[in-house]
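Scroll down for the structure; my scribbles are underneath it.
What's counted below: heavy atoms across the whole structure, side chains too, no hydrogens, waters or symmetry copies. Order of appearance sets the numbers: ligands from 1, and atoms from 1 within every ligand.
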Amino acid sequence: MSDKKIIIAIDGYSSSGKSTMARALAAKIGYRYIDSGAMYRAVTLYALNNNMIDAQGNIDTSALISVLPSISIDFRPMPDGTQHTLLNGEDVETEIRQLRVSDNVSPIAAIKEVRAALTAMQRSLGKDKGIVMDGRDIGTTVFPNAELKIFVNASAEMRARRRFLEMSDKGDNVNYEEVLANVVRRDHIDETRAESPLRRADDAIDLDNSYMTHEEQDAWLEQQVNKALHS
Ligand code: CDP
C-alpha cells in the first residue's frame, strides 16, 4: 500500500450496497469510513422526536433550521469493526435504520440549510484525507476533488430485495412492497431536488453490482484504489 493518502467518494442510489462496500474498503486500507447518509438520518430522527414532522410528513423547516447548530453527530467505533451513530451523545444506530426514518429522510435532506450544515461537518472530517465517504453528493459537492469517485447502481428491485432481507434479518417487520416503494420514492426525491441532487460526477467510475458477488466487487474496487494510489 502506498503512503499517499487520498479521498474516496462512493455515491449512488439507495440500498445499492455503498455502505457495506465503503466500510469494508476503509477497514482494508486503514482509512476512516464515514456514512454521510447516517448523518441525514440522524437529523431526521431528531426532527421526528422533537415533533418537527407531522403525520402527513410536513416539516417545520424554520424550527429545524434554528436548532441545527445544537445538533451534534458523532460515530463510535464498535468492537466488531462497525460504528454506531451518536446523536447528541446518544446511540441511535438502530432507530435511524428504521422505515420511519427512511420514509422522512429525503425531504429533510432536500433542505438547503441542513445540507450546508452536514456538508461542513463532512468536509472537516475529510480534511486530512485518508477517508472513504459514501452518500449522494460526495463526489459532486462535498469533495469535488476526491482522487477516486465511484458511482454505484443496481436495479431498483435488486436493491429493494437486498434492503428487505437486511431489515428482516434484523427482525424488522417490513414487507418487500413497502421497502421497494421507499427506495423508488427516495431515488426520485434525491435526483430531483434543487440542492446537490444525486448525480454521477463527470469523472466518476461506474459500478453496476446487480449481478456481482461481494468477492467480485471487492476485487474490482481494489483495482480502482490501486490505480488511484499510483497515478
Ligand atoms: O438507504 P441507504 O443506505 O441507501 O441511504 P443512506 O445512505 O442511509 O441515505 C439516506 C438518505 O439521506 C438518502 O436517501 C438521501 O435522501 C440522503 N442523503 C443525501 O442527501 N446526501 C448524502 N450525501 C447522503 C444521504
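Leu87 pairs in a side chain to side chain contact (heavy atoms under 4.5 Å, CB included) with only one of the listed residues (Ile96, Leu45, Asn49), which is Leu45. With Ser14 as the partner, the side chain to side chain contact (heavy atoms under 4.5 Å, CB included) test is satisfied by one option alone out of Val179, Asn182, Asp187: Asp187.
For ligand 1 and Gly37, the ligand atoms under 4.0 Å from any heavy atom of the residue are 6 (P), 7 (O), 8 (O), 9 (O), 24 (C), 25 (C). Those atoms of ligand 1 that come under 4.0 Å of a heavy atom in Ser106, given as number and element, are 14 (O), 16 (O). For ligand 1, the atoms closer than 4.0 angstrom to any heavy atom of Ser14 are 4 (O). Of all atoms in ligand 1, listed by their number and element, those nearer than 4.0 Å to a heavy atom of Ser15 are 2 (P), 4 (O).
The closest protein non-hydrogen atom to atom 10 (C) of ligand 1 is Arg186 NH1, 3.5 Å. Looking only at protein heavy atoms, the nearest one to atom 24 (C) of ligand 1 is Ser36 OG, 3.3 Å. When only non-hydrogen protein atoms are considered, atom 8 (O) of ligand 1 lies nearest to Arg41 NE, 2.6 Å. Taking atom 3 (O) of ligand 1 as the reference point, the nearest protein heavy-atom neighbour is Arg163 NH2, 3.2 Å. The protein atom (non-hydrogen) at minimum distance from atom 17 (C) of ligand 1 is Ala109 CB, 3.7 Å. At the shortest separation from atom 16 (O) of ligand 1 among protein heavy atoms lies Asp190 OD1, 2.6 Å.
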Working for salt bridge (Lys or Arg N to Asp or Glu O under 4.0 Å), residues Arg97 and Glu93: CA-CA 7 Å; Arg97 305 295 165 191; Glu93 190 58 34; 2.9 Å; yes
For this session: Given salt bridge (Lys or Arg N to Asp or Glu O under 4.0 Å), test Lys5 with Asp128 step by step and report yes or no.
Result: CA-CA 8 Å; Lys5 285 220 178 289; Asp128 298 327; over 6 Å; no
Practice prompt. Show your working on salt bridge (Lys or Arg N to Asp or Glu O under 4.0 Å) between Arg193 and Asp190 and close with a plain yes or no.
Written response: CA-CA 6 Å; Arg193 70 183 174 220; Asp190 293 347; 3.5 Å; yes
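A donor-acceptor contact shorter than 3.5 Å links the side chain of Asp11 to the backbone of Ile138.
Within the set Arg136, Arg185, Lys18, the minimum heavy-atom distance to atom 5 (O) of ligand 1 is found for Arg136.
The list of salt bridge (charged side-chain N to carboxylate O under 4.0 Å, His left out) pairs with a residue in residues 108-123, not counting sequence neighbours, reads Arg115-Asp137.
For the pair Met121 and Ile71, the tightest heavy-atom approach, listed with the atom from each and the gap, is CE-O, 4.0 Å.
With sequence neighbours excluded, the residues that form a side chain to side chain contact (heavy atoms under 4.5 Å, CB included) with Ser72 are Asp74, Asn88.
When non-hydrogen atoms are compared, ligand 1 lies under 4.0 Å from the side chain of Arg115 (C-beta onward) but not from its backbone.
Remark: distances from the non-hydrogen atoms of Arg193 to ligand 1 include one below 4.0 Å.
Atom CZ of Arg76 sits in a sparse spot, with 12 or fewer heavy atoms from other residues, nucleotides or ligands closer than 6.0 Å.
For a threshold of 3.5 Å applied to N or O pairs, the pair formed by Asp134 and ligand 1 contains no separation below that value. Taking any N or O of Asp137, backbone or side chain, at least one lies under 3.5 Å from an N or O belonging to ligand 1.
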